[in-house]
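Report on one structure; see the data block that follows.
Note: hydrogens, waters and symmetry copies are ignored here, and every other heavy atom, side chains too, is used.
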Amino acid sequence: VQLQASGGGSVQAGASLRLSCTASAPAFRTAAVGWFRQAPEKEREFLATINWSGDSTYYGDSMKARFTISRDITMNAVYLQMNNLKPEDTAIYYCAAKDGPYSSSRYSYTAWGQGTQVTVSS
């Protein structure tokens with residue numbers, strides 16, 4: 001499965017962005033999808049994940065307050081809505097897919113998008 005992450009950009013603190021993760025492969029429709037981010041010189045951090053049907057989600061610590069993951073099966077897309085962005089949210093954001101149940105472990109995911117840069121200035 002080849003994933004495409006998009007929707008990043010440069011914004012001011014307090015702004016919102018919606019990231020999209022799309023794929024053309026039919027297998028994406030039945031895959032669990034996760035969002036991760038990686039800031040310079042930091043470990044890749046788990047943000048949120050959603051199951052294949054979109055009715056179950058799980059968030060990393062403190063992410064749920066500002067981030068919302070969702071899925072549009074008809075569009076074959078998974079979204080990450082990010083509100084009230086802060087400078088510490090600056091990172092490359094990645095989406096990833098896996099068969100079976102969702103997971104917060106990046107090692108469980110077998111397909112990764114190329115990442116989209118989010119830069120938040122104060």
Side-chain angles (χ1 to χ4, degrees):
V1 177
Q2 191 167 5
L3 309 180
Q4 178 75 34
S6 61
S10 297
V11 297
Q12 295 284 323
S16 297
L17 282 174
R18 189 178 79 157
L19 306 183
S20 298
C21 179
T22 58
S24 57
F28 186 73
R29 295 184 184 277
T30 58
V33 176
W35 283 100
F36 298 79
R37 70 184 178 188
Q38 189 164 18
E41 301 182 0
K42 290 192 175 182
E43 293 278 319
R44 191 164 295 191
E45 178 184 20
F46 166 73
L47 301 176
T49 184
I50 191 165
N51 70 341
W52 71 273
S53 61
D55 61 0
S56 184
T57 60
Y58 179 73
Y59 292 87
D61 293 342
S62 75
M63 298 302 166
K64 194 171 185 179
R66 298 186 294 121
F67 294 0
T68 302
I69 190 170
S70 62
R71 185 166 202 152
D72 187 332
I73 295 175
T74 61
M75 296 296 292
N76 216 24
V78 173
Y79 306 104
L80 185 69
Q81 177 69 41
M82 306 187 295
N83 298 326
N84 190 24
L85 284 163
K86 304 176 181 181
E88 51 264 42
D89 293 319
T90 295
I92 299 175
Y93 284 69
Y94 298 90
C95 62
K98 66 180 295 293
D99 293 328
Y102 60 49
S103 172
S104 61
S105 169
R106 63 184 185 268
Y107 302 109
S108 299
Y109 290 83
T110 55
W112 289 83
Q114 85 290 357
T116 184
Q117 176 72 47
V118 172
T119 302
V120 185
S121 56
S122 58

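- Separating the CD atom in Gln12 from the OG atom in Ser122 is a distance of 8.0 Å, to the nearest 0.5 Å.
- With sequence neighbours left out, the side-chain contact (heavy atoms from CB on, under 4.5 Å) criterion links Ala13 to Pro87, Val120.
- The OG1 atom of Thr90 sits 9.0 Å away from the CZ atom of Arg37 when rounded to the nearest 0.5 Å.
- Legend: disulfide (SG to SG under 2.5 Å) pairs involving residues 8-109, not counting sequence neighbours, sorted by first then second residue: Cys21-Cys95.
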Side-chain polar contacts of residues 76-84 - donor-acceptor pairs under 3.5 angstrom, sequence neighbours left out - could you list them?
{"residue": "Asn76", "atom": "ND2", "partner": "Ala23", "partner atom": "O", "Å": "2.6"}
{"residue": "Gln81", "atom": "NE2", "partner": "Asn83", "partner atom": "OD1", "Å": "2.9"}
{"residue": "Asn83", "atom": "OD1", "partner": "Ser16", "partner atom": "OG", "Å": "3.0"}

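- Here Tyr109 pairs with Thr49 under the side-chain hydrogen bond (donor to acceptor under 3.5 Å, both in side chains) rule; sequence neighbours left out.
- Interatomic distance, CZ of Phe67 versus CG of Leu17, reported as 9.5 Å (0.5 Å rounding).
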Between Ile92 and Thr116, is a side chain to side chain contact (heavy atoms under 4.5 Å, CB included) present by the stated rule, with each step listed?
CA-CA 5 Å; Ile92 299 175; Thr116 184; over 6 Å; no
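- Pairs engaging residues 43-82 under the disulfide (SG to SG under 2.5 Å) rule: none recorded [sequence neighbours left out].
- A salt bridge does not link Asp55 with Arg71: every distance from a Lys NZ or Arg NE/NH1/NH2 to an Asp or Glu carboxylate oxygen is 4.0 Å or more.
- Remark: Asp61 pairs with no residue by the side-chain contact (heavy atoms from CB on, under 4.5 Å) rule, at least two apart or across chains.
- Under the rule for a side-chain hydrogen bond (donor to acceptor under 3.5 Å, both in side chains), Glu88 has no partner lying at least two apart in sequence or in another chain.
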Begin with the C-alpha distance, continue with both residues' side-chain angles, and end with the deciding distance and a verdict on side chain to side chain contact (heavy atoms under 4.5 Å, CB included) for Val118 and Leu19.
CA-CA 9 Å; Val118 172; Leu19 306 183; 4.2 Å; yes
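- Once rounded to the nearest 0.5 Å, the distance linking CG of Leu47 with CZ of Arg66 reads 10.0 Å.
- Every residue two or more places apart in sequence or in another chain that forms a side-chain contact (heavy atoms from CB on, under 4.5 Å) with Ser10 is listed here: Thr119.
- Atom CZ of Phe28 sits about 7.0 Å away from atom OG1 of Thr22, to the nearest 0.5 Å.
- Two rings, from Phe36 and Phe46, have their centers less than 6.0 Å apart.
- For the disulfide (SG to SG under 2.5 Å) condition, no pair includes a residue of residues 23-62, sequence neighbours left out.
- Tyr59 approaches Thr68 most closely through the heavy-atom pair OH-CA, 3.4 Å.
- Follow the hydrophobic side-chain contacts under 4.5 Å out from Val33 and you reach Met63 in the same cluster.
- Taking a 6.0 Å sphere around CD of Gln114, one finds it holds more than 12 heavy atoms contributed by other residues, nucleotides or ligands.
- For Arg29, the salt bridge (Lys or Arg N to Asp or Glu O under 4.0 Å) criterion is met by no residue, not counting sequence neighbours.
- For Ala39, the side-chain contact (heavy atoms from CB on, under 4.5 Å) test picks out Lys42, Ala91, with sequence neighbours left out.
- Put simply, NZ on Lys64 and OH on Tyr58 are 10.5 Å apart, with the number rounded to the nearest 0.5 Å.
- Tyr94 and Ile69 are not part of a single hydrophobic cluster, where members link through side-chain heavy atoms under 4.5 Å apart.
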Show every donor-acceptor pair shorter than 3.5 Å between a side-chain atom in residues 98-106 and any protein atom, with sequence neighbours excluded, or say none if there are none.
{"residue": "Lys98", "atom": "NZ", "partner": "Pro101", "partner atom": "O", "Å": "2.5"}
{"residue": "Tyr102", "atom": "OH", "partner": "Ser56", "partner atom": "OG", "Å": "3.2"}
{"residue": "Ser103", "atom": "OG", "partner": "Ser105", "partner atom": "N", "Å": "3.0"}
{"residue": "Ser103", "atom": "OG", "partner": "Ser108", "partner atom": "OG", "Å": "3.2"}
{"residue": "Ser105", "atom": "OG", "partner": "Tyr107", "partner atom": "N", "Å": "3.2"}
{"residue": "Arg106", "atom": "NH1", "partner": "Arg44", "partner atom": "O", "Å": "3.3"}
{"residue": "Arg106", "atom": "NH2", "partner": "Glu43", "partner atom": "OE1", "Å": "2.8"}

